[in-house]
Amino acid sequence: MKKLFSILVIAAMTFTMAGCASGGATKNTPAETSKGASDNKTEEKKVEEKKTRETIKVGFSQMENNGPWRIAETNSVRGEAEKRGIQLVYTDAQSDTAKQVSDVEDLIAQGVDYIVLAPREYEGLAPALESAKEAGIPVILIDREAKGEYLTLVVSDFIWEGQQAGLLLAEKTGGKANIVELSGTAGSSVAIDRANGFADGIKEYPDMKIISSQSADFSRAEGQKVMENIIQAKGKEITAVYAHNDEMAIGAIQALKAAGMQPGKDVIVISIDGQKDALKSIISGELFASIECSPFFGPIAFDIIERHLIGAEIQKKIINEDRIFTIKNAAEFVDSAY
Ligand code: GYE
């Protein structure tokens, strides 16, 4: 009690002394005071001018703009910038990692205040993050990870997505399948995680075997082509397909049908994203399931930027919550899907 009392007394004294000190500091001549104050105001104004949603310029480096998922993502970022009245400079790397690095350098040269980056490859984008760091520009990584320093990373849990695909496929096939894996862009964090997640999901099932695993670059046309080749080599041996995204699954379904194999019956197909065509395919019985991966990063990316502008603390990693689409709920969500 006594101790507490003396702490309070010391605190009170310190407070009073601090008050005196600041009182002393105000004893400037009126001229000095007003000059100082006006300098401060100009300073504040400068800072303010640079850092409001009306005056900032945000760069968005998209890795490509093909397929419904990417287009939905691009529209989400662009639409949100427009809605908030934030100036956005957009670049499309057209599936070329080297171009994406130079796109980011261009954005830096244009003096953007923030960069929203959807990186193509994990290692390949490291030089871009390095340049942004040197220029002191905060980077918001969306949809995939890249090696280096950044303000925050907003992604889905790709390991979880892969695990769910593995577990669902094991359940559907009674723990026995010869699986073709169509993986995403080589060197992308998402392809690595979805492969590892799936391997983990089927690890308790010794009869779930991956008989072929090849990249089809997340593309429908590639998915069809790669699947055609695998069908030539493995034919009727194939009983399941795990595609890292819906577009490749839809391509694979076309290849299976062209080869006289029935998707949904002879071959169980599962994928990730939850786009409209995939939900339609679930309803028609060709695709078994799709694990959702949301492409709608616009609102969250600009919330982060606006929070950062006012000095709020930003989490290093933000994980989107995703759902699972099967025949049980596909009809309910198909109309609102992209
Ligand atoms: O699943 C795919 C796209 O990086 C999460 O890339 C993204 C993936 C998405 O091309 O369709």
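If you read the sequence from its start, that first residue is 1, and numbering goes on from there. Atoms within each ligand, like the ligands themselves, are counted from 1 in listed order.
Heavy-atom proximity to atom 1 (O) of ligand 1, evaluated over Asn245, Asp273, Asp217, is greatest for Asp273. The heavy atom nearest to atom 8 (C) of ligand 1, out of those in Arg70, Arg120, Glu73, Glu292, is found in Arg70.
Between His244 and ligand 1, no N or O atom pair is found at a separation short of 3.5 Å. Between Glu64 and ligand 1, a contact under 3.5 Å exists for no N or O pair. For ligand 1, one of its N or O atoms has an N or O atom of Asp143 under 3.5 Å away.
Using a 4.0 Å cut-off between heavy atoms, Gln275 makes no contact with ligand 1 at all.
The CD1 atom of Ile210 sits 4.5 Å away from atom CD of Glu181, with the distance rounded to the nearest 0.5 Å.
When all heavy atoms of Thr91 and Ser61 are compared, the pair lying nearest together is OG1-CA, 3.3 Å. In plain terms, the two heavy atoms of Phe288 and Leu168 that are nearest each other are CE2-O, 3.6 Å.
With hydrogens and angles disregarded, a donor-acceptor distance shorter than 3.5 Å links the side chain of Arg144 to the backbone of Arg120. Under a 3.5 Å cut-off, the side chain of Asn245 and the backbone N or O of Met248 do form a donor-acceptor pair.
Applying the 4.0 Å criterion to heavy atoms of Cys293 picks out, from ligand 1, the atoms 5 (C). Counting the atoms of ligand 1 from 1 in the order shown, those under 4.0 Å from a heavy atom of Trp69 are 3 (C), 5 (C), 7 (C), 9 (C), 11 (O). In summary, the atoms of ligand 1 found under 4.0 Å from a heavy atom of Val190, numbered by their order in the structure, are 4 (O).
Each of Arg70, Glu222, Gln224, Gln275 was evaluated against Glu247; a single residue qualifies, Gln275, per the side chain to side chain contact (heavy atoms under 4.5 Å, CB included) test.
Counted within 6.0 Å of NZ on Lys57, heavy atoms from surrounding residues, nucleotides or ligands total more than 12; the atom is thus considered enclosed.
Residue contact check for ligand 1: Met248 places no non-hydrogen atom closer than 4.0 Å to it. Residue Ile272 places no heavy atom under 4.0 Å from ligand 1.
With respect to the salt-bridge test (charged N to carboxylate O, under 4.0 angstrom), the residues Asp303 and Arg307 do not qualify.
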